[in-house]
Peer 1: 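Submitted below is the structure of interest, expressed as structure tokens.
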Amino acid sequence: MSNVQHLIVATRNAHKTREIQRILGADFVVRDLSAYPEIPETVESGKTFEENATLKATAASRQLPGLVVADDSGLEVDALGGAPGIYSARYAGQNATDKENIDKLLEELARIERAKRSARFRCVIALAREGKLLGTFEGVVEGMIVDSPRGTNGFGYDPIFVPREFEQTFGELPAEVKDRISHRGRAIRLFAAVLANRKTGNQGLGGGGGAPGGGGAPGCC
Ligand code: ITT
């Protein structure tokens, strides 16, 4: 019997799918909504990452079999009061490119000195089945925003984000390093640990656990 677990990620962002597959490794086969063009876009009307991740996961899981996860994520810049936050994908407008979003952010920060450019990526993974939320998992990585883009790895704001205790941006760091410390890596590993526990029959998982400095799992399943 194969131990491979099938998982649908309710996203049309192929970068997220690739990272999630990479983080989960060969024990999982990950597909995303590119395989299901008939499923409509979910309106992200929530006020938090958790609300939006929940909306995306529950909506898709009403129409798809098995376990469905959604990722809502973004960049919070302290000098901008937490912006772009949940609006990260559309900071420079509805269909903005990564470059347009980065250019707008760097313009907003133009007069902010280096020491005040602290920021973090946050990711909430929501897990659902048959329209019901089973749990949410959060990961955070702290860092700062540099003056100009560096590197071509990753996606989104990666070329302008330097994680704490590093000198290179996520755009310059190898994928394995990003996965080890990133908001998404932390959230996905929490989620995978809960699934593994469920498989071994240890379901007493309510509340609170979390990776050090990496967010936590409000509870699952
Ligand atoms: P789905 O809703 O279909 O999943 P999306 O890209 O619209 O795709 P979000 O609403 O969660 O997803 O917005 C996430 C945005 O936050 C993303 O487009 C990037 O701009 C930024 N972001 C999130 N994680 C990132 C990462 O690891 N590196 C760089 N930027 C990231």
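Please read these numbers as outputs of a predicted model, since none were measured by experiment. All ligand and atom numbering here is 1-based and tracks the order in the structure.
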Peer 1: Without hydrogens or angle criteria, can the side chains of Asp71 and Ser73 be said to hold a donor-acceptor pair below 3.5 Å?
Peer 2: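 Result is yes, a qualifying pair exists.
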Peer 1: Any atoms of ligand 1 less than 4.0 Å from a non-hydrogen atom of Asp71? List them with their elements.
Peer 2: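 Checking each atom against Asp71, I get 4 (O), 11 (O).
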Peer 1: Measure the distance from atom 18 (O) of ligand 1 to every protein heavy atom, then report the residue, atom name and distance (to 0.1 Å) of the closest one.
Peer 2: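 Closest protein heavy atom to atom 18 (O) of ligand 1: Ala89 CB, 3.5 Å.
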Peer 1: Tyr91 pairs by side chain to side chain contact (heavy atoms under 4.5 Å, CB included) with which of Asp103, Ile102, Leu105, Leu75?
Peer 2: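 That would be Leu105; it is the only one of Asp103, Ile102, Leu105, Leu75 passing the side chain to side chain contact (heavy atoms under 4.5 Å, CB included) with Tyr91.
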Peer 1: Judged on heavy-atom distance to atom 17 (C) of ligand 1, which of Phe155, Phe170, Tyr87, Phe121 sits nearest?
Peer 2: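 Selected option, by shortest heavy-atom distance: Phe155.
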Peer 1: Which atoms of ligand 1 sit under 4.0 Å from any heavy atom of Thr11?
Peer 2: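 Near Thr11, meaning under 4.0 Å from one of its heavy atoms, ligand 1 has 1 (P), 3 (O), 4 (O), 8 (O).
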Peer 1: Would you mind telling me which of Glu76, His183, Glu50 makes a side chain to side chain donor-acceptor pair (under 3.5 Å) with Arg122?
Peer 2: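 Only one of Glu76, His183, Glu50 forms a side chain to side chain donor-acceptor pair (under 3.5 Å) with Arg122, namely Glu76.
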Peer 1: Provide, to 0.1 Å, the distance between atom 20 (O) of ligand 1 and the closest protein heavy atom, together with that atom's residue and name.
Peer 2: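 Ranked first by proximity to atom 20 (O) of ligand 1 is Tyr157 CE1, 3.2 Å.
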Peer 1: Which heavy atom of Ala53 sits nearest a heavy atom of Val124, and at what distance?
Peer 2: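 Taking Ala53 first and Val124 second, the nearest heavy atoms are CB-O, 3.5 Å.
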Peer 1: Could a heavy atom of Gly74 be found less than 4.0 Å from some atom of ligand 1?
Peer 2: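 Yes, Gly74 has heavy atoms under 4.0 Å from ligand 1.
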Peer 1: When you look at CD of Glu130, are more than 12 heavy atoms from neighbouring residues, nucleotides or ligands closer to it than 6.0 Å?
Peer 2: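 Count not over threshold, so no.
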Peer 1: Out of all atoms in ligand 1, which are within 4.0 Å of some heavy atom of Asp72? Include the element for each.
Peer 2: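 Listed by number with element: 9 (P), 10 (O), 11 (O).
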Peer 1: Is there side-chain contact between Arg114 and Met144, with at least one heavy-atom pair below 4.5 Å?
Peer 2: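 Sidechains of Met144 and Arg114: in contact.
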Peer 1: For Ser118 and Asp78, does a side-chain donor sit closer than 3.5 Å to a side-chain acceptor?
Peer 2: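 There is such a pair (donor and acceptor under 3.5 Å, judged by atom type) between the side chains of Ser118 and Asp78.
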Peer 1: Quick test of your reading of the structure: of Ser73, Gly156, Ala10, whose heavy atom lies closest to atom 15 (C) of ligand 1?
Peer 2: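 When every heavy atom of Ser73, Gly156, Ala10 is considered, Ser73 comes closest to atom 15 (C) of ligand 1.
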Peer 1: Nearest to atom 10 (O) of ligand 1 by heavy atom, Arg184, Glu44, His183, Lys16: which?
Peer 2: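 It is Glu44 that holds the nearest heavy atom.
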Peer 1: Just to confirm my output: which protein heavy-atom neighbour is closest to atom 6 (O) of ligand 1, and how far is it?
Peer 2: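 Looking at atom 6 (O) of ligand 1, the protein heavy atom closest to it is Asn13 ND2, 3.0 Å.
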Peer 1: Using a 4.5 Å cut-off on heavy atoms from C-beta on, say whether the side chain of Glu172 contacts that of Glu167.
Peer 2: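 Glu167 does not reach Glu172 side chain to side chain.
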Peer 1: Considering only heavy atoms from C-beta outward, does the side chain of Asp72 approach that of Lys56 to under 4.5 Å?
Peer 2: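 Yes, at least one pair of side-chain atoms sits under 4.5 Å.
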Peer 1: Please report whether ligand 1 has a polar contact with Lys178, defined as an N or O pair separated by less than 3.5 Å (distance criterion only).
Peer 2: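 Yes: some nitrogen or oxygen of Lys178 is under 3.5 Å from one in ligand 1.
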Peer 1: Run the contact test for Lys56 against ligand 1 with a 4.0 Å cut-off on heavy atoms, strictly below, and give the result.
Peer 2: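 Within the 4.0 Å threshold, so yes.
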Peer 1: Check each atom of ligand 1 against the heavy atoms of Arg12 and keep those under 4.0 Å away; list them by number with element.
Peer 2: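 Numbered from 1, ligand 1 contributes 3 (O).
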Peer 1: Do any nitrogen or oxygen atoms of Asp158 come within less than 3.5 Å of a nitrogen or oxygen of ligand 1?
Peer 2: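 Right, the criterion is met.
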